[in-house]
There are 2 protein chains.
Amino acid sequence: MDKFELKLDQAARAAWMSYVGGLTQDEIAAQLGVSRPGVQRLLALARQEGMIKVHIDHPISTCMALGRTLEEHFGLAFCDVVPAASQGVESAAYYLGVAAAERIGRLVERNAPLTLSLGSGRSVRAAVEALDRTERPQHRFVSLVGNVARDGSANRYDAVMLLADKIGGQRFLLPAPVVAESLAEKNALLDQRLFRAIAEVAKASEAAFIGVGRIDRRATLFQDHFISESELEELLGLEAVGELLGWPLNSRGEVIDCSITRRVTSLPLEHFGKHLTVAIAGGNDKAPAIHAALRGGWLKGLITDEAAARRIVDQLPTT
Amino acid sequence: MDKFELKLDQAARAAWMSYVGGLTQDEIAAQLGVSRPGVQRLLALARQEGMIKVHIDHPISTCMALGRTLEEHFGLAFCDVVPAASQGVESAAYYLGVAAAERIGRLVERNAPLTLSLGSGRSVRAAVEALDRTERPQHRFVSLVGNVARDGSANRYDAVMLLADKIGGQRFLLPAPVVAESLAEKNALLDQRLFRAIAEVAKASEAAFIGVGRIDRRATLFQDHFISESELEELLGLEAVGELLGWPLNSRGEVIDCSITRRVTSLPLEHFGKHLTVAIAGGNDKAPAIHAALRGGWLKGLITDEAAARRIVDQLPTT
DNA sequence: TCATCAATCGAGCAAATGATCGTACGGAAG
DNA sequence: CTTCCGTACGATCATTTGCTCGATTGATGA
């Protein structure tokens, strides 16, 4: 056992004494024969290494009720609703990420090989960041959207690399922009053998965790220059309210046919009919986009927050 | 939803924000619109109601190694070793109780009807106290030792009542002292229809969680006046080192035949051959008694602490 | 309607925790 | 063997949490 493993062992013991035994850091220090700040560091290490699993074993009724309503109305396999965070976009993504990590964790813990696909987005990334490490080299992870921005840099919200690092599986990335410059460029990309091979892996995946994009000036598609200002206006003019994997949707959840749609390089949404397609998205501002995705019937699972869930539920026809 | 349920809901939300979201109590107070001490009270309520489940997802190597050694040497289905507590008997029982509650919880969570039997003892009681509530009215819980002390009061360490309250199952208590005043009294008790009915339920149980008693002046049998001082000396003279369900054992784990043994009203240990019989006991002083029970082959599972485990392992023949 | 009692609240204080900074130690390289 | 760099430690300080006590509010009974 090397030094780091000894450290982890001691951190586990300190964590056990603190969280289970209810001892103070001073008490633990006395028993382990280290200083009080040393115990503090051991506990911090235990938290950082993801050893401490906290589960709140009591449903929050309002979140549960919202989730049940959305499951029933849209025929979802599940809908997890986390408490709303009112402190900024990062912490909202973190809450969603923790809940999503629990779902992803349950899928990847099995031994039979699994092919899992990921979209992009801040919440999808947060989910992978919140996921604990494990060793399942038999699994495969594949990107559903291109991981290259228009300037050639990697997509900042792509998480397949990190997921494969954590779980040890094979990784399949799309070296392409989500929206091509032209129809010719898109066709050239789709014709590439690498592209077709990755598309086949994606089609074979059992589950997909994806974000939901909004269509406004803060949309990633616009901010990362995949579409121009005039194209944004075109989408808004066609009443686009959101996007899934780059495909723009109107409020009924229909993919809008326009010049942008023809240049999207992602696998068409129709291919995901048999997948467990799970969206990870929340926030008041995202509610219209999430609602559209639900109405379009593209989703089998949803991980959202209270703010978005409430806003969607408020707009459902009453029965 | 009544006021207490609203309170529990709010406590769950505060707990989620604190333990999962990592927010401070001031931050939670701002979001929930209550005072900071109010949040502190909500978190205290959440802890008191057992909503917060903490699991340390990393083994402590020394505990694990001791457990594996004892499993292999004595052919146990499992051996859980918790870190030693050095702060007094109550906290040692608490550590053992938490680990045992996890095992009991896994058994009772199933839906198929289960019959579970319990011995008595401080650690058995601590296990039931640490167990979370659930609703399984189809289960049955039965006492393995009489729940009546010599003066007619209820056994202070009997936990079947509490267990049945928490899980909602049927309860079968033995209205008898663990050691009768005389052989005639014992025979009269065993002849009672109620007694025989409860004994049949106990025989039908799949698992039994029992304590291990010591034989010295601090033994419960002596302190609660089931045996006299001269009888204690008799047991010590016969080299009794421990007891299971009132049955005294020598260091080889054999039940000692003597005047006390003939008056014990519990089900004889031979009846438990096919049960998952799990002892919950720890502490340096209990090590000889636990070791005797192991050598006698009476146990299929053990939940102990590091101090006891190390002392037993140190006495095993080396190979 | 008023008085009393119980429950809950928040201010404030003590205890516990989280983090920073200066120092020391160990290992590696020259 | 010496020097330098990186890591870890403990003292100390700032922040957070746990708890107590006095005050307030609400409910119940006369």
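Residue numbers begin at 1 in each chain, while the letters A, B, ... track the order of the sequences.
Both Ser18(A) and Arg41(A) lie close to DNA chain C; mapped to their nearest nucleotides by heavy-atom distance, the more 5′-ward contact belongs to Ser18(A).
Picking from dC9(C), dA16(C), dC9(D) the nucleotide with the shortest atom distance to the side chain of Lys7(A) gives dC9(D). When the nucleotides dG18(D), dT20(C), dT17(C) are ranked by their closest atom to the side chain of Arg36(A), dT17(C) comes out on top.
Distance Asp26(A) CG to dT12(D) P: 15 Å, rounded to the nearest Å. Note: CG (Leu42(B)) to C1' (dC9(C)) measures 12 Å, nearest angstrom. For the pair Glu27(A) CD and dG18(D) C1', the computed distance is 14 Å after rounding to whole Å. When rounded to the nearest whole Å, the span between CG of Leu43(A) and P of dT16(D) equals 18 Å. One can place CE of Met17(B) at 14 Å from P of dT17(D), the figure rounded to the nearest angstrom. For Leu32(B) and dC9(C), the CG to C1' distance is 16 Å, given to the nearest whole Å. Distance CD1 (Ile28(A)) to P (dG18(C)): 10 Å, rounded to an integer number of Å. In this structure, Leu45(A) places its CG atom 15 Å from C1' of dG18(C), rounding to the nearest Å.
Between the side chain of Lys286(B) and the main chain of Val212(B), a donor-acceptor pair closer than 3.5 Å is present. No donor-acceptor distance shorter than 3.5 angstrom exists from the side chain of Asn284(B) to the backbone of Ala287(B), with no hydrogens or angles considered. With hydrogens and angles disregarded, no donor-acceptor distance shorter than 3.5 Å links the side chain of Gln315(B) to the backbone of Ile312(B). Of the possible donor and acceptor atoms, none in the side chain of Arg36(B) sits under 3.5 Å from a partner among the backbone N and O of Gln25(B).
OP1 and OP2 of dT17(C) both lie 4.0 Å or more from every side-chain N or O belonging to Gln40(A).
Residue contacts for Gln25(A): at a heavy-atom cut-off of 4.0 Å it reaches the sugar-phosphate backbone alone, with no base atom in range.
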